[in-house]
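All chains are named by letter (A, B, ...) in the order of the sequence lines, taking the proteins before the strands, and each is independently numbered beginning at 1.
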There are 2 protein chains.
Amino acid sequence: MADSARQKRYSEASTRLKLLAHPERLQILDTVRRSSQCVCHLEVLLGKPQPYVSQQLRVLREGGLICDEKDGLNTYYCVCDLGVRAWLDTILGPAPTERSHPLAGCSCPKCTAQKPPIEWVLAASL
Amino acid sequence: MADSARQKRYSEASTRLKLLAHPERLQILDTVRRSSQCVCHLEVLLGKPQPYVSQQLRVLREGGLICDEKDGLNTYYCVCDLGVRAWLDTILGPAPTERSHPLAGCSCPKCTAQKPPIEWVLAASL
DNA sequence: ACAATTCATGCAGAATTCTGCATATAAGCA
DNA sequence: TGCTTATATGCAGAATTCTGCATGAATTGT
């Protein structure tokens with residue numbers, strides 16, 4: 001490989017690594033690689049204000065690490081690139097295959113639809 | 001996995017990623033993962049002043065990404081950790097298996113010993 | 001002991017990234 | 001249209017990282 005091609009590869013890899021070298025962004029990626037999630041979901045998960053979360057999502061989106069998919073008021077983010085998945089597998093270990101739970105505190109349809117009141121669950125188990 | 005364990009993993013991974021997110025450091029790692037190399041070798045390769053190279057080597061060494069091995073005046077660095085090798089395989093692709101060449105401009109025994117004058121080489125091929 | 005070579009360290013100004021906040025946009029609904 | 005909800009954007013001060021330089025330490029050979 002030519003020297004300039006190497007240089008280019010190093011700087012491209014380093015650009016992508018910079019995006020990953022951030023605990024909150026890693027947690028976001030680790031979450032959305034399992035299943036796509038909306039912003040308010042991640043907001044609850046990280047315990048950070050919404051603008052902060054959106055900011056990090058933007059960084060990841062513009063860096064090509066995640067894709068967004070809008071549905072009404074909600075925007076769901078996911079990891080669509082297979083190369084990115086491979087990096088995450090190496091860095092964080094393989095993604096768990098179990099379904100991700102709906103999250104108390106997230107009000108998106110995905111979370112509320114699948115989350116019956118605790119009384120129902122208890123009643124059903126009698 | 002518990003939440004605090006996750007947080008710890010994210011921040012540890014992010015710490016290591018920060019060390020990798022740097023073109024010159026990536027080039028150093030890519031070089032020494034093939035075979036151990038001395039400082040002046042890397043100095044020629046990167047085209048950067050020696051204190052700069054040593055500084056980056058220190059960062060990598062203190063981060064546990066490389067090991068040093070002293071031999072007289074020279075210090076040879078290499079990637080000893082298998083986990084680090086795996087990360088590099090993912091990030092930069094698998095390491096080439098061919099021998100690394102001695103480098104013109106590097107005066108360490110490793111490079112000069114294996115580098116006979118061009119006249120010898122030509123004479124031998126007659 | 002002295003000089004030469006190889007490498008390490010400390011430090012400071014420059015450049016970049018981080019992160020919190022105020023505010024903007026856009027969709028759905030009454 | 002006006003209100004609410006969900007998300008995006010712009011910006012600025014704070015914190016961190018980068019990088020060049022001066023200098024220090026250790027080893028080898030004379």
Side-chain angles (χ1 to χ4, degrees), chain A residues 10-11 14-28 31-32 36-63 65-78 103 105-113, chain B residues 10-11 14-28 32 36-63 66-78 103 105-113:
Chain A
Y10 296 138
S11 71
S14 127
T15 301
R16 174 162 283 189
L17 286 164
K18 276 197 183 89
L19 303 182
L20 293 169
H22 186 289
E24 279 75 31
R25 289 201 288 263
L26 271 183
Q27 182 167 11
I28 289 175
T31 304
V32 302
S36 61
Q37 296 293 353
C38 63
V39 179
C40 67
H41 193 103
L42 297 166
E43 187 184 344
V44 174
L45 210 58
L46 300 191
K48 297 272 183 181
Q50 175 271 318
Y52 179 88
V53 176
S54 275
Q55 194 107 326
Q56 304 307 340
L57 285 170
R58 167 157 68 154
V59 172
L60 293 173
R61 178 169 21 96
E62 292 181 344
L65 294 172
I66 56 178
C67 309
D68 58 326
E69 192 181 329
K70 304 201 175 183
D71 180 17
L73 276 181
N74 298 96
T75 306
Y76 294 92
Y77 284 92
C78 62
L103 184 60
C106 174
S107 55
C108 80
K110 232 177 167 178
C111 283
T112 49
Chain B
Y10 296 137
S11 71
S14 127
T15 301
R16 173 163 285 189
L17 286 165
K18 276 196 183 90
L19 302 183
L20 293 170
H22 186 288
E24 279 75 31
R25 288 202 288 266
L26 272 184
Q27 182 167 10
I28 290 174
V32 303
S36 61
Q37 296 293 354
C38 62
V39 179
C40 66
H41 192 104
L42 298 167
E43 187 184 344
V44 174
L45 211 58
L46 300 191
K48 296 272 183 181
Q50 175 270 318
Y52 179 88
V53 175
S54 275
Q55 195 110 322
Q56 303 307 339
L57 286 169
R58 167 157 68 154
V59 172
L60 293 172
R61 179 171 17 98
E62 292 182 344
I66 56 178
C67 309
D68 59 324
E69 191 182 329
K70 304 202 177 183
D71 180 16
L73 276 181
N74 298 97
T75 306
Y76 294 92
Y77 283 92
C78 62
L103 184 60
C106 175
S107 55
C108 79
K110 232 178 167 178
C111 284
T112 51

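At whole-Å resolution of the value, OH in Tyr76(B) and P in dC7(C) are 8 Å apart. Nucleotide dT9(D) holds its C1' atom 10 Å from the CD atom of Glu62(A), rounded to whole Å. For the pair Lys70(A) NZ and dT5(D) C1', the computed distance is 15 Å after rounding to whole Å. Rounding to whole angstrom units, CG of residue Asn74(A) and C1' of dA8(D) are separated by 14 Å.
By the 4.5 Å heavy-atom criterion applied to side chains, His22(B) and Gln56(B) are counted as neighbours. Residues Glu43(A) and Tyr52(A) have side chains not in contact (no heavy-atom distance under 4.5 Å, counting atoms from C-beta outward). Side-chain contact between Val39(A) and Tyr77(A) is present, with heavy atoms from C-beta onward closer than 4.5 Å. Leu17(B) has its side chain within reach of Leu26(A): a pair of non-hydrogen atoms, C-beta onward, lies under 4.5 Å apart. The side-chain heavy atoms of Thr75(A) and Glu69(A), taken from C-beta on, include no pair separated by under 4.5 Å. Contact check for Leu42(B) versus Val32(B): side-chain heavy atoms found under the 4.5 Å cut-off. Side-chain atoms of His41(B) and Cys111(B), non-hydrogen and from C-beta on, do get closer than 4.5 Å to each other. Side-chain contact between Leu20(B) and Arg25(B): absent, with no pair of heavy atoms (C-beta onward) separated by less than 4.5 Å.
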Below 3.5 Å between N/O atoms, which protein atoms pair up with nucleotides 18-25 of chain C? Just atom names and distances, please.
from    : atom 1 : to       : atom 2 : distance (Å)
dT19(C) : OP2    : His22(A) : NE2    : 3.0
dT19(C) : OP2    : Tyr52(A) : OH     : 3.0
dG20(C) : O6     : Gln55(A) : NE2    : 3.1

Strictly under 3.5 Å: I want the nitrogen or oxygen pairs between protein and nucleotides 25-30 of chain D, one per line.
none

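Using a 3.5 Å distance cut-off with no hydrogens or angles, the side chains of Gln50(A) and Ser54(A) do pair a donor with an acceptor.
A heavy atom closer than 4.0 Å to some atom of DNA chain C occurs in no member of residues 37-46 of chain A.
Looking at heavy-atom distances under 4.0 Å, Thr75(B) makes contact with sugar-phosphate atoms alone, never a base.
Contact detail for Ile28(A) and Leu60(A): the closest heavy-atom pair is CG2-CD1, 3.9 Å. Considering every non-hydrogen atom in both Gly63(B) and Arg16(B), the closest pair reads O-NH2, 4.4 Å.
In this model, the phosphate group of dT6(C) is not approached by any side-chain N or O of Tyr77(B) to a distance below 4.0 Å at OP1 or OP2.
Residue whose closest nucleotide on DNA chain D sits further toward the 5' end, between Ser107(A) and Arg61(A): Ser107(A).
Of the candidate nucleotides dC7(C), dT9(C), dT9(D), dT9(D) has the atom nearest to the side chain of Arg58(A).
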